[in-house]
Participant: 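First the structure, which I've put down as structure tokens, then a few questions once you've had a look.
Atom set for the values below is all heavy atoms of this structure, side chains included, hydrogens, waters and symmetry mates excluded.
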Protein chains: 2
Amino acid sequence: MSRRKPANDGPCPVARSVDVIGDRWSLLIVRDAFDGTNRFGDFQRNLGVARNILSDRLRQLVEAGILETRPASDGTAYKEYVLTERGESLFPVVVALRQWGERHLFARGERHSRLVDRKTGEPIPFMAPKAGNGDALMPGEAEVRKLT
Amino acid sequence: MSRRKPANDGPCPVARSVDVIGDRWSLLIVRDAFDGTNRFGDFQRNLGVARNILSDRLRQLVEAGILETRPASDGTAYKEYVLTERGESLFPVVVALRQWGERHLFARGERHSRLVDRKTGEPIPFMAPKAGNGDALMPGEAEVRKLT
DNA sequence: TCAATCAGTTTCAATTTAAAACCAGATTGA
DNA sequence: TCAATCTGGTTTTAAATTGAAACTGATTGA
């Protein structure tokens, strides 16, 4: 069941990232993990994903160093899945997807969940790439240099 | 061939985004489009994707309003695929994936392509979510409020 | 002790993907 | 001009992936 890929070794970081997390379920598992979900059964119920697929994706995410398992914090003999440092660093990816979705995938007036600062309750400001001088960077103003 | 999904109508923007672009090829097509690729054959050769799959994904991206077709700019009777405004607004998503990949998916010293400011040649600074006051926002400091 | 829960694994059918062959219209070159 | 080639697909078929459900075995709670 678990995918054995030739392991993308190309020079494009986007391609490598997509290779690791560019999968419908993997990304949603990571999102739920940011939200505090960490038990197999909770992921399964939240996502409605088939158990075998969930099992496979959790294994891949652990192998990729994005999640790790540890003994369940409720003292039972079960284990739980938590984001590693590497997994936590996917935060900008999830936030970018969230912000794009909020802007483009909801009708005006349609309700959606919102990401807020836990401390102040304020919504998180829009995140976008900036040039070195701090100005907003439009897509056309950036370019990919091969193999720097 | 083209996928007919029940169209995700849940409240989570991340889930809706993933539903639209959370696919290995779709994301890479968008990346290439940012890079200036716009012809069917060029996408096909760059990505090495099967023609039927590419055909399907391009159709989905056009339906989703991320790409649009227009007469080829070289004056031939062919058409080309270009990012719409909605498509261009995926820039932060692609940048986030790129930056995560650069940091975590290359061995130290291993070369990779780099995103630079076309004007200055400087690499694009790291992009991360900020709190309302401008401070960096750690994942634990944010929380999802259901249905605001 | 015993039923229910948890975390998977197995099985098998249905869907999706990939590779290759095929095709029509547009373009090019002799 | 008209044959060869190129472009942008579609079709076909096999292989891989997914999903639903049944099954398993350990763990828990009463």
Participant: To the nearest angstrom, how far is A/Gln60 atom CD from D/dT17 atom C1'?
Facilitator: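 Taking atom C1' of D/dT17 as the reference, CD of A/Gln60 is at 11 Å.
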Participant: Could you give the CZ-to-P distance, from B/Arg24 to C/dT16, as a whole number of Å?
Facilitator: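 Distance, rounded to whole Å: 17 Å.
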Participant: Just by modelled atom types, is the B/Thr37 backbone N or O under 3.5 Å from a matching donor or acceptor in the B/Asp35 side chain?
Facilitator: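 Not confirmed, B/Asp35 side chain does not pair with B/Thr37 backbone.
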Participant: Quick one: is B/Trp25 getting a side-chain N or O under 4.0 Å of the C/dA18 phosphate, OP1 or OP2?
Facilitator: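 Checking C/dA18 against B/Trp25, a side-chain N or O does come within under 4.0 Å of OP1 or OP2.
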Participant: Establish, with yes or no, whether the OP1 or OP2 oxygen of C/dG8 is under 4.0 angstrom from a side-chain nitrogen or oxygen of A/Ser55.
Facilitator: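 For C/dG8, neither OP1 nor OP2 has a side-chain N or O of A/Ser55 closer than 4.0 Å.
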Participant: Roughly, in whole Å, what's the span from CG in B/Asp56 to C1' in D/dG8?
Facilitator: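 B/Asp56 atom CG is separated from D/dG8 atom C1' by 15 Å.
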Participant: Taking for each residue the nucleotide of DNA chain D bearing the nearest heavy atom, is the 5' side occupied by A/Arg51 or by B/Gly41?
Facilitator: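 It is B/Gly41 whose nearest nucleotide is closer to the 5' end.
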Participant: For the side chain of A/Arg57 and the backbone of A/Trp25, is there at least one donor-acceptor N/O pair under 3.5 Å apart?
Facilitator: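 It does not hold such a pair.
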Participant: Measure CG/B/Asn52 against C1'/C/dC23 and give the value in whole Å, please.
Facilitator: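 Roughly 15 Å, once rounded to whole Å.
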Participant: Could you identify which residues of residues 73-83 of chain B place a heavy atom less than 4.0 Å from some atom of DNA chain D, listed by residue number, or say none?
Facilitator: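 Output list: B/Tyr78, B/Lys79, B/Tyr81.
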Participant: Would you say A/Leu47 and A/Val62 are hydrophobically clustered, going by side-chain heavy atoms of ILVMFWY under 4.5 Å?
Facilitator: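 Yes; A/Val62 is reachable from A/Leu47 via cluster members.
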Participant: How close or far is atom P of D/dT17 from atom CG of A/Leu54, stated in whole angstroms?
Facilitator: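 Answer to the nearest Å: 18 Å.
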Participant: Between C1' on D/dT7 and CG on B/Leu58, what's the gap in Å once rounded to a whole number?
Facilitator: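 Answer to the nearest Å: 14 Å.
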Participant: Under 4.5 Å between side-chain heavy atoms, counting indirect links through other Ile/Leu/Val/Met/Phe/Trp/Tyr residues: same cluster for B/Val93 and A/Val144 or not?
Facilitator: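 Per the 4.5 Å side-chain linkage, B/Val93 and A/Val144 are co-clustered.
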Participant: Just to confirm, is there a sub-4.0 Å distance from OP1 or OP2 of C/dA7 to any side-chain nitrogen or oxygen of A/Arg39?
Facilitator: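 Checking C/dA7 against A/Arg39, a side-chain N or O does come within under 4.0 Å of OP1 or OP2.
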Participant: Taking all atoms of both residues into account, what is the closest heavy-atom pair of B/Val20 and B/Ala64, and its distance?
Facilitator: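 That would be CG1-CB, 3.8 Å.
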Participant: Would a distance-only check, ignoring hydrogens and angles, find a side-chain to backbone donor-acceptor pair under 3.5 Å from A/Arg118 to B/Gly140?
Facilitator: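 Such a contact is found between A/Arg118 side chain and B/Gly140 backbone.
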Participant: Measuring to OP1 and OP2 of D/dT18, would you say a side-chain N or O of A/Arg57 lies under 4.0 angstrom away?
Facilitator: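 Affirmative; the distance criterion is met.
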Participant: For the pair made of CZ in A/Arg59 and P in C/dA7, what is the distance, rounded to whole Å?
Facilitator: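 Roughly 15 Å, once rounded to whole Å.
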Participant: Tell me the interatomic distance from A/Phe40, atom CZ, to D/dG25, atom C1', rounded to whole angstroms.
Facilitator: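 Going from A/Phe40 (CZ) to D/dG25 (C1'), I get 14 Å.
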Participant: One thing to verify: whether B/Glu102 and B/Arg98 come together as a salt bridge, which I'm taking to mean a side-chain N less than 4.0 angstrom from a carboxylate O.
Facilitator: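 Yes, this pair counts.
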